[in-house]
S.K.: 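Structure provided below as structure tokens; questions to follow.
Nothing fancy with the numbering, it's 1 onward along the sequence.
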Amino acid sequence: MNKDKIWLSSPHMGGSEQQYIYRAFKENWIAPLGPNVTGFEQDIKDYLKEDVFIAAVSSGTAALHLALLMAGVKAGDEVLCQSMTFVASANPINYVGATPIFIDSEKETLNISPQYLKKAVQKRMEKGKKPKAIIAVHLYGMPYKVKEIHAIAREYDIPIIEDSAEALGSSYEGQKCGTFGDFAIFSFNGNKIITTSGGGALITKNQKLKEKAIFLATQARDDAPYYQHSEIGYNYRMSNVSAGIGRGQMEVLDAHVNLRRKNNKFYRNLFKEVEEVKVFCEPEKQYFCNHWLTVITIDSNNNMEWTSERLREHLLEYNIESRPLWKPMHLQPVFASSPFYGSTVAEDAFKSGLCLPSGSNLSDEDKERIGAAVKSFFNI
Ligand SMILES: *Cc1c(COP(=O)(O)O)cnc(C)c1O
């Protein structure tokens with residue numbers, strides 16, 4: 001048996017990344033600014049095909065922090081946040097001293113539930129506190145219910161921060177994820193759809209907001225010949241070396257989205273005969289998912305041998321990495337005191353779900369090994 005580990009989602013270089021880095025070295029742009037940074041921002045803007053403005057920063061988490069600051073969220077405020085997500089969606093709420101209010105998922109996309117979102121807005125307003133922002137996530141690249149969620153945000157006039165960390169390349173009704181929110185963010189961490197080794201981007205709707213974001217991300221320095229500061233700033237700008245990786249990665253983004261979508265097709269085919277397994281895919285035509293990670297849920301009611309945890313352990317014996325879904329935030333010890341609106345959709349998905357190897361660099365041989373391991377588990 002081939003002993004090489006099959007990873008969940010590992011970096012996949014396109015080939016030209018090193019040329020951009022070479023140029024950065026040659027021109028001595030080894031700094032958190034330079035032609036790769038502005039070039040990368042332009043590449044993303046061109047890709048999104050909407051009238052948006054991009055600020056490249058050091059991480060997706062930093063971009064979320066900046067988005068909350070720019071949305072005017074302050075200490076003591078409340079922010080509504082999808083519970084089923086990676087902790088980085090919620091942590092920045094605490095950075096600004098606000099309180100996260102967590103919302104359950106709906107079953108079709110596993111993202112923020114319109115029903116419970118609306119309920120939470122009403123209940124918080126009854127308590128005399130109108131939430132200052134909504135953080136909605138396109139989990140595993142699957143667009144959230146854009147129409148319904150944005151209708152609620154409009155009705156109550158609450159800004160949406162669109163966490164597109166996992167959804168670069170996804171779209172809804174032909175419009176790219178990352179262009180719907182008042183603010184949006186991408187992540188270019190090592191395991192995301194494309195990577196800059198570490199990095200992120202903030203997407204805003206006009207040039208002034210972009211400039212404000214860059215001002216905050218570069219220590220909020222006043223326009224003076226000396227170092228004068230009238231606001232608290234941050235050191236959040238992206239490195240010109242990292243941005244070089246990003247420029248190379250943008251050249252292969254669409255090709256890599258296609259490969260991940262092929263992986264999803266492979267899994268749908270593989271599990272066709274296993275009634276208990278549901279491969280998570282687009283619920284309707286208007287959704288286009290990059291399938292950053294392919295997710296399955298296992299209905300183990302009839303057979304407790306077939307749990308997601310057992311499958312995870314079984315795959316590991318074959319040196320294949322898989323991973324539980326994000327543990328919902330309202331079940332996290334660190335957020336134990338935060339309010340939650342919902343039932344058990346996120347919790348059930350967490351208990352029965354598993355993320356399978358989904359990298360754009362999965363080889364046919366890797367898929368054969370995964371197929372064999374899965375078949376031996378389900379006796380097919
Ligand atoms: C990765 C991720 C982030 C954070 O991005 P970093 O670049 O790792 O800081 C935020 N939200 C979600 C949903 C993510 O998956």
Side-chain angles (χ1 to χ4, degrees), residues 9 12 14 40-54 56 60 63-64 67 82 84-86 89 105-114 134-154 159-189 192-195 200-205 246 249-265 267-268 279-295 358-360:
S9 175
H12 184 191
F40 184 40
E41 288 173 343
Q42 188 62 45
D43 293 343
I44 298 169
K45 186 178 162 99
D46 293 343
Y47 183 79
L48 294 176
K49 294 192 185 77
E50 295 289 327
D51 199 15
V52 289
F53 294 81
I54 321 293
L64 276 165
Q82 182 167 323
M84 180 136 218
T85 186
F86 178 50
S89 303
S105 296
E106 35 79 11
K107 282 186 183 156
E108 283 185 332
T109 77
L110 292 185
N111 292 310
I112 191 163
S113 146
I134 297 165
I135 299 178
V137 189
H138 307 292
L139 215 58
Y140 305 115
M142 184 65 73
Y144 59 76
K145 296 201 163 188
V146 172
K147 229 186 232 154
E148 289 93 327
I149 298 301
H150 284 259
I152 295 166
R154 264 194 309 277
I160 290 201
I161 298 171
E162 185 191 353
D163 183 343
S164 275
E166 304 174 359
L168 181 58
S170 296
S171 56
Y172 179 86
E173 287 185 344
Q175 185 180 336
K176 291 268 194 295
C177 290
T179 65
F180 294 104
D182 298 270
F183 300 94
I185 70 110
F186 290 122
S187 166
F188 312 115
N189 208 341
K192 295 288 157 69
I193 192 108
I194 65 164
T195 182
L202 176 68
I203 293 86
T204 60
K205 298 284 179 180
Q249 289 272 277
M250 285 305 288
E251 294 176 6
V252 292
L253 171 57
D254 274 337
H256 287 192
V257 168
N258 279 332
L259 289 165
R260 291 200 190 238
R261 286 174 59 81
K262 278 204 178 127
N263 293 338
N264 185 263
K265 212 176 211 172
Y267 285 119
R268 269 183 282 157
V279 180
F280 193 58
C281 46
E282 291 122 336
E284 284 170 78
K285 256 206 160 98
Q286 62 267 41
Y287 294 83
F288 181 88
C289 181
N290 67 12
H291 286 300
W292 170 56
L293 296 184
T294 284
V295 171
S358 304
S360 43

S.K.: Sub-3.5 Å donor-acceptor pair from the side chain of Thr195 to the main-chain atoms of Asn189, do we have one?
M.R.: yes
S.K.: If the condition is side chain to side chain donor-acceptor pair (under 3.5 Å), which residues does Thr109 pass it with, not counting sequence neighbours?
M.R.: Glu106, Asn111
S.K.: Say you draw a straight line from CG of Asp163 to CZ of Phe183; how long is it, rounded to the nearest 0.5 Å?
M.R.: 14.5 Å
S.K.: State whether a side-chain donor-acceptor pair under 3.5 Å links Asn264 with Arg268.
M.R.: yes
S.K.: What pairs with Glu108 under salt bridge (charged side-chain N to carboxylate O under 4.0 Å, His left out), at least two apart in sequence or on another chain?
M.R.: Lys145
S.K.: CG of Asp254 to CG of Leu259: how many Å apart, nearest 0.5 Å?
M.R.: 11.0 Å
S.K.: Quick one: ring pair (Phe, Tyr, Trp, His ring centres under 6.0 Å) partners of Tyr172, sequence neighbours excluded?
M.R.: Tyr287
S.K.: Can you list the residues that meet the side chain to side chain contact (heavy atoms under 4.5 Å, CB included) rule with Ala63, with sequence neighbours excluded?
M.R.: Val57, Ile185, Leu202
S.K.: Does the side chain of Met142 reach to within under 4.5 Å of the side chain of Leu110, using non-hydrogen atoms?
M.R.: no
S.K.: By ring pair (Phe, Tyr, Trp, His ring centres under 6.0 Å), which residues pair with Tyr267, not counting sequence neighbours?
M.R.: none
S.K.: Please give me the minimum heavy-atom distance between Met250 and Leu168, naming the atom from each residue.
M.R.: SD-CD2, 4.5 Å
S.K.: Short question: side chain of Arg261, backbone of His291 - any donor-acceptor pair under 3.5 Å?
M.R.: no
S.K.: Would you say Ser164's side chain and Gly178's backbone share a donor-acceptor pair under 3.5 angstrom?
M.R.: yes
S.K.: Restricting to side chain to side chain contact (heavy atoms under 4.5 Å, CB included), what partner residues turn up for Asp51, sequence neighbours left out?
M.R.: Lys45, Phe53
S.K.: Please examine the side chains of Thr85 and Ile135, heavy atoms only from C-beta on, and report whether any two atoms are closer than 4.5 Å.
M.R.: no
S.K.: Start with the C-alpha gap between Phe186 and Leu48, add the side-chain angles, then the distance that decides, and say whether side-chain contact (heavy atoms from CB on, under 4.5 Å) holds.
M.R.: CA-CA 12 Å; Phe186 290 122; Leu48 294 176; 3.9 Å; yes
S.K.: Only counting residues at least two apart or in another chain, list the ones meeting side chain to side chain contact (heavy atoms under 4.5 Å, CB included) with Ala184.
M.R.: Glu162, Ile203
S.K.: Could you state the interatomic distance from CG (Leu139) to CH2 (Trp292), rounded to the nearest 0.5 Å?
M.R.: 8.5 Å
S.K.: Given side chains that start at C-beta, do those of Asp182 and Lys205 come closer than 4.5 Å, heavy atoms only?
M.R.: no
S.K.: Taking only residues two or more places apart in sequence, or in another chain, which ones meet Glu41 in a salt bridge (charged side-chain N to carboxylate O under 4.0 Å, His left out)?
M.R.: Lys210, Arg237
S.K.: Can you give me the closest heavy-atom contact between Ala167 and His138, atom names plus distance?
M.R.: CB-CB, 3.5 Å
S.K.: Taking His12's backbone N and O only, do any of them form a donor-acceptor pair with Gln249's side chain (distance below 3.5 Å, no angle check)?
M.R.: yes
S.K.: What pairs with Asp43 under salt bridge (charged side-chain N to carboxylate O under 4.0 Å, His left out), at least two apart in sequence or on another chain?
M.R.: Arg247
S.K.: Would you say the side-chain atoms of Ser358 pair up with the backbone N or O of Thr294, donor to acceptor, closer than 3.5 Å?
M.R.: yes
S.K.: Is a side-chain N or O of Ser170 found less than 3.5 angstrom from the main chain of Asn290, in a donor-acceptor match?
M.R.: yes
S.K.: Between SG of Cys289 and CD of Glu166, what distance do you get to the nearest 0.5 Å?
M.R.: 10.0 Å
S.K.: Could you check whether any side-chain N or O of Glu50 sits under 3.5 Å from a backbone N or O of Thr179, counting only pairs where one atom can act as donor and the other as acceptor?
M.R.: no
S.K.: If the condition is side chain to side chain donor-acceptor pair (under 3.5 Å), which residues does Ser105 pass it with, not counting sequence neighbours?
M.R.: none
S.K.: By side chain to side chain donor-acceptor pair (under 3.5 Å), which residues pair with Glu173, not counting sequence neighbours?
M.R.: Lys147
S.K.: Who passes ring pair (Phe, Tyr, Trp, His ring centres under 6.0 Å) against Phe188, sequence neighbours left out?
M.R.: Phe40
